[in-house]
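We name chains A, B, ... by the order of the sequence lines, and we start the count at 1 in each one. Hydrogens, waters and symmetry mates are skipped; everything else that's a heavy atom, side chains included, is used.
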Amino acid sequence: MAQPSSAGELDAVRLETELLEQWKSENAFVSSIQNRKDGAPFIFLEGPPTANGKPGIHHVVARTYKDLVCRWKTMEGFRVERKGGWDTHGLPVEIEVQKRLDLMSNESIEQFGMDAFNQACRESVWTYEASWREMTERMAYWVDLDNPYVTLDNNYVESCWWALKQMFDKGYLYRGHKVLPYCPQTGTSYSSHEVALGYKEVEEPSVYVKFKLTDEDASILAWTTTPWTLPGNVGLAVGPEVTYVRCRVKEAAGESWAGAGGADVGEELILAKDLMKEVLRHHVEVIEEFPGSSLVGRSYEPLFPDAVPRMGSTTAWTVLEADWVTTTDGTGVVHTAVMYGEDDYNLGMEAGLPAHHTVGMDGSFLEGTHPELDGTYVKDCDATIIALLSASGGSNGKGPQSGLLYREKEYAHDYPHCWRTDHPLLYYAMDSWFVRMTAVKERLLEFNDEVEWAPDWVGEGRFGEWLRNVKDWAISRERYWGTPLPVWRTEDGQMKCIGSISELQEEVANAVAAGFENPECPDDVDLHRPIVDGFTLLSDDGQPMHREPFVMDCWFDSGCASFAQWHHPFDGGEQFDASFPVDYICEGVDQTRGWFYTLLAVSTTVFDSKAYKRCLSLGLILDAEGKKMSKSRGNIVDPWDHFNREGADATRWYMVTAGAPWNPLKFDSNGVRETYAKMFLTLWNVYKFHADYAALDGFDPESSSSEPDQRPELDRWILSRLNTVATGYHESFVNWQFHKACRDLEDFVVNDLSNWYVRRSRRRLWDEAESGDKLACQHTLHEVLTTLCRLIAPVSPFMVDTIHRNLTGLAVHQSDWPLGIPGTIEGATADEWDEVAAKATATLPPHDPALEASMDLVRELAEAGRRVRIDNNRRQRLPCSKGFIVAGPDLSAFHDLLAEELNVEIIQVENDLDRFQRIELAPNFRALAPKARANVNDVANAIKSTEDPVGLLAQIDAGTATIMDILIERSDIEVKRVEREGFAAQTVEVTHGDTTSHVSLVLDMNDTPELLSKGMARDITRRVQARRKTLDLALEATIELEVWMENAPSMMAADEEWVATETRTSACIFHQEGAAPPAGAEHFEVDGTLVYFTVV
RNA sequence: GCGCGGGUGGCUUAGUCGGUUAGAGCACCCGGCUGAUAACCGGGAGGUCGCAGGUUCAAGUCCUGCCUCGCGCACCA
């Protein structure tokens, strides 16, 4: 049944695309889960991507890490359901549509019709869905895209509403103001991400303004870069610890005064002491110094008396203290306009300043601010404001003769601009809804502590830092396309939060009964705007309630994914209970403040629980130059470039081995190429070697057997290596060190398996007769390859499936993890690796560390042999009569192998170490340093450079060795044995546990006629073989060979015979020395011998 | 500005508790080996381990400051 067929040449792309078809027809993904239907659940939650952009290689990276963990856990016996998801709301979608329909302001959207606009958004979301699906399938990310959760679905929205109502009922939801960057042209406020897109350096007038104290003839100086906020001024902030001075102007300013403003001689000004030089342009005398705290409470004249009503505030137009005030720029006094700065707003709320707008949503001054300003766009008012302040007496008529402006100064700084219209943004206090995250801060921190973060510093550091500074979450957006905020409100502020469709229907019915007209509210009412805006509800005291006209931050949507994907609590109770909190999530580190946070924020406020147990936070993907990949930079790598060239296996393997998952990955296309050539081509060729012979011989692993402990050392060695590598691989997986796991495994495939085991085993399979040795090799290859396939499968799922199927008849993705399947054990949980259960089900071959160590040494000696030959100018094919192994462990089991590798007639063990070796002494600094202290270097040099190491060692052993009055003991030194000069030898160091020994290899360089003949035979053979290859002859084809030689050693008959058989000749003639070769004969020269030959 | 993570030959990177010759891969050069694959083996060239101080007998590794890149936060009068 499981008899392998031979493997063809590798065409990775074809292999993968054919396999995709097969998976599809077999429904392989679904059956891989059904296969584990009785397994313990391992819950993965997909972070929903937005499908309104084309997927790039960076998405492939994230999906690889998601996929590999899910596949790995499935193989371990867990049931790993993977529901796909789509994030479909939010500003990015709206902007995309606005661009397409050329609707660049809210006004134009409303003219166009919110209904139609939202419909366009709804459709736009799926623009690239097909691309995503194709990418996802091609890269073999197994996720259920046929039943995904979609944030715009009514069910999903209803769950979000329910969640919000939980918060509302717990008192976490409130209505307030937030100062946001706002574009009056588009009527839109922006998230910080969008603001970051639009920073531009601009030069603007900044002004130093005098605020005249009411109770004395002095003014406090304050600075601002936004003169338009001055009419809104209601306070001045000073640092309580900062030192301020009051100073008097002594003489008029000089000629160099530039711009408006000024001060009268004798006028008194107050500002931070540190900033006098920076700010003042007059000669002044300091009258007094005092801390900021003594200014607090002083009141001053409003600059624009009518602009802001007092509204009962006792603190308006007084000096306030704020610890964030610094003296790095300005005057050390911060002008505070409550509605137009975040600090200002917070301070204003704290101190009870009037919260009153002087600027409308259209960006122009409101009526009543000042006759010369009213109705004008604020950014056009700089000159007017400066002129008003500069007038004698100033804008309020209560200032000094010189006016209220002290100075103006051009100021260059970065300022946010609307990235769509290029207009400067205004920081503007807007009505907004908040979730009181500050109330649950301690819980957030506790839950975060329970999460296993990879890497841990993201949890403790970046995310922990964020949580420690948590602010209330502004969840409302004045937008159209999103989950509507389900809060209805009366004009006098009574509120209702609706948590379900049925509740909405009930409330609508009540309202209708009370006589308020309402549209129909069927079971499948669309929960989007503008439908929901149409409902008028009834307050408890009979007033009409209208919906707060906001949609929610789309991050709120995705933050609800853990339960909204099941339509909890309306449906899917079981699924939810069984899958919350989830076991594993994985996204880019840029989600720290995004999804990682909102998931936790929602679960904490709604369920008082964490949302996920493990979180893998991935590093950013950079291009080959180290620049972040982004659409705007145009440096996005198209994954298909690689899918269509090296294939998804190589692409995925490359991404995992290129670095730790959390490190930034510089995506290098050459790296994918290299991975393909090294890892996958090598693996394929090993497989091909096995499969071709297995097919030829009709090898069937089930109908023959070969006891592992009966197999040759080489087999037992590779099996033991496999055990070691697999164990380490698994260990690294558990520790999230996927890169390390895969690098080590790759090294195993290339070095141990291909370059040693297969190379050393080739001849074993040439045997045409059925031999125990051949069977041993075939069983070994079978075991190694199938185990490798299962280890590699989670990372690169294609080629290994093909191999595994051909060797075993079974799909690799239905098979078990070689280290055990604890997930299938009753009572298992996904929370930790069950050692006992794993051990009971593991299928690894026996581990033999001693054998591995011996083989290591053998390989080192083989390499040493090649080095010896190069140093001594002896070609590799010319045999040596003897090779001596000096010291070291018993390697007699490998002597034959070594003799072949070293091309020597016989290996001998030399017991007289001193015949080929001498000793060297080296200091052991760790032991020596505490004794010798500052003299350690001198002592060390004395030990190193001793003329007579043997004598010194004898003294040390006798306890009589002192250097610089320090008794040198055996533990203070290391004894190294190295080869003696004058021998063709190399010494290698062997570490066995914590002891090191030195083994030398010595080659006998003397020639004999037999050796020369043998060597020549090998050179001829090799040339003829190369010729056969260039002639593209079949392996079993025979040739007729003729050879002519000049200045050759005399050839032994046995060697001529050997050449004849090795090169598969039907006729072979060695001509006498002196016979002339034909003109076209191929020829080569080796060690002074000229050889000609013809192949027919 | 604050926080986190980096900076090691041309490129990508490893480097444990501080231990005296900083290790690999790619690319390059020379040589070898090969019915062994786009492979392999040996050798070579290429490194002020970001800079400057400090601790130490000894620093890529620990400390301080600075430069620089990335990310995040705060963006401020």
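Base pairing of rG1(B) is made with rC73(B), judged by Watson-Crick or G-U wobble geometry with both donor-acceptor distances under 3.5 Å. For rG25(B), the paired nucleotide is rC11(B), the pair qualifying as Watson-Crick or G-U wobble because both relevant distances are below 3.5 Å. Within the shown strands, nothing qualifies as a pairing partner of rC33(B) under the Watson-Crick or G-U definition with both distances less than 3.5 Å. With both pairing distances under 3.5 Å, rC62(B) is matched to rG54(B) as a Watson-Crick or G-U wobble pair. Summarising the base pairing, rU16(B) is matched to no nucleotide, lacking a Watson-Crick or G-U wobble pair whose two defining distances lie under 3.5 Å.
Using a cut-off of 4.0 Å between Lys/Arg side-chain N and Asp/Glu carboxylate O, Arg760(A) and Glu901(A) are scored as salt-bridged. Salt bridge annotation for Asp1019(A)-Lys1014(A): absent, with no cationic side-chain nitrogen under 4.0 angstrom from a carboxylate oxygen.
In Lys976(A), the NZ atom is not crowded: 12 or fewer heavy atoms of neighbouring residues, nucleotides or ligands sit closer than 6.0 Å. Within a 6.0 Å sphere centred on NZ of Lys409(A), other residues, nucleotides and ligands contribute more than 12 heavy atoms.
Among the nucleotides rU37(B), rC57(B), rC71(B), the one closest to the side chain of Thr682(A) is rU37(B). Of the candidate nucleotides rC57(B), rU12(B), rA77(B), rU12(B) has the atom lying nearest to any side-chain atom of Lys666(A). When distances run from any side-chain atom of Glu863(A) to the nucleotides rC40(B), rC41(B), rU37(B), the shortest one goes to rC41(B). Comparing rC73(B), rA39(B), rA77(B) by their closest approach to the side chain of Asn755(A) singles out rA39(B).
If you check every strand for non-hydrogen atoms under 4.0 Å, Arg743(A) touches sugar and phosphate atoms only. Across all strands, Tyr676(A) comes closer than 4.0 Å to base atoms (heavy-atom distances). Counting any heavy atom pair closer than 4.0 Å across all strands shown, Arg926(A) reaches a base atom. Within the 4.0 angstrom heavy-atom criterion, base atoms lie near Leu681(A). Residue-level contact check: Arg1028(A) touches the bases, meaning some heavy atom is under 4.0 Å from a base atom. Here Thr331(A) lies out of heavy-atom contact (under 4.0 Å) with every strand.
Exactly one of Asp752(A), Asn751(A), Asn755(A) qualifies for a side chain to side chain donor-acceptor pair (under 3.5 Å) with Arg859(A). That residue is Asp752(A).
Remark: the separation of the C1' atoms in rA27(B) and rU13(B) is 15 Å, to the nearest Å. Taking atom P in both rG70(B) and rC26(B), one finds a spacing of 30 Å when rounded to whole Å. With C1' as the reference atom, rU16(B) and rC73(B) are 34 Å apart, rounded to whole Å. On the P atoms, rA24(B) is 16 Å away from rG46(B), given to the nearest whole Å. Rounded to the nearest Å, the gap between the P atom of rG44(B) and that of rG6(B) is 33 Å. Taking atom C1' on both rC66(B) and rG23(B), the two are 30 Å apart, rounded to the nearest angstrom. Taking atom P on both nucleotides, rA45(B) is separated from rC30(B) by 15 Å, rounded to a whole Å. One C1' atom belongs to rA58(B), the other to rC76(B), and the distance between them is 49 Å to the nearest Å.
If you take CH2 of Trp653(A) and P of rU12(B), they are 22 Å apart, rounded to a whole angstrom. Taking atom CG on Leu665(A) and atom P on rG5(B), their separation rounds to 20 Å, with Å as the unit. Going from atom CZ of Phe211(A) over to atom P of rA77(B) covers 14 Å, rounded to whole Å. Atoms CG (Leu230(A)) and C1' (rA77(B)) sit 11 Å apart, rounded to a whole Å. As rounded to whole Å, 18 Å separates atom P of rU37(B) from atom OH of Tyr687(A). The distance between atom CG of Asn872(A) and atom P of rG43(B), rounded to the nearest whole Å, is 14 Å. Taking atom CG on Asp692(A) and atom C1' on rU37(B), their separation rounds to 13 Å, with Å as the unit. Distance CZ (Arg763(A)) to P (rG35(B)): 9 Å, rounded to an integer number of Å.
Between Val758(A) and Val334(A), the residue anchored nearer the 5' end of RNA chain B, judged by the nucleotide with its closest heavy atom, is Val758(A). Between Thr226(A) and His739(A), the one whose closest nucleotide on RNA chain B sits nearer the 5' end is His739(A).
Ring pair Tyr182(A)/Tyr427(A): centre-to-centre distance not below 6.0 Å. Between Tyr208(A) and His335(A), the ring center distance fails the sub-6.0 Å criterion. Two rings, from Trp453(A) and Phe596(A), have their centers less than 6.0 Å apart.
A close approach under 4.0 Å does not occur between any side-chain nitrogen or oxygen of Thr224(A) and OP1 or OP2 of rA77(B). Phosphate contact (OP1/OP2 of rC76(B), side-chain N/O of Tyr427(A), threshold under 4.0 Å): present. Applying the 4.0 Å criterion to OP1 and OP2 of rG35(B), one finds that Arg762(A) has every side-chain N and O outside that range.
Side chains of Leu10(A) and Leu681(A) form a contact here, defined as non-hydrogen atoms less than 4.5 Å apart. Contact annotation: the side chain of Cys880(A) never approaches that of Asn903(A) to less than 4.5 Å [non-hydrogen atoms, C-beta and beyond].
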Indicate for each nucleotide in nucleotides 24-34 of chain B, in 5' to 3' sequence, whether protein heavy atoms under 4.0 Å reach the base (B), only the sugar-phosphate (S), or nothing (-).
-> -SS-----SSB

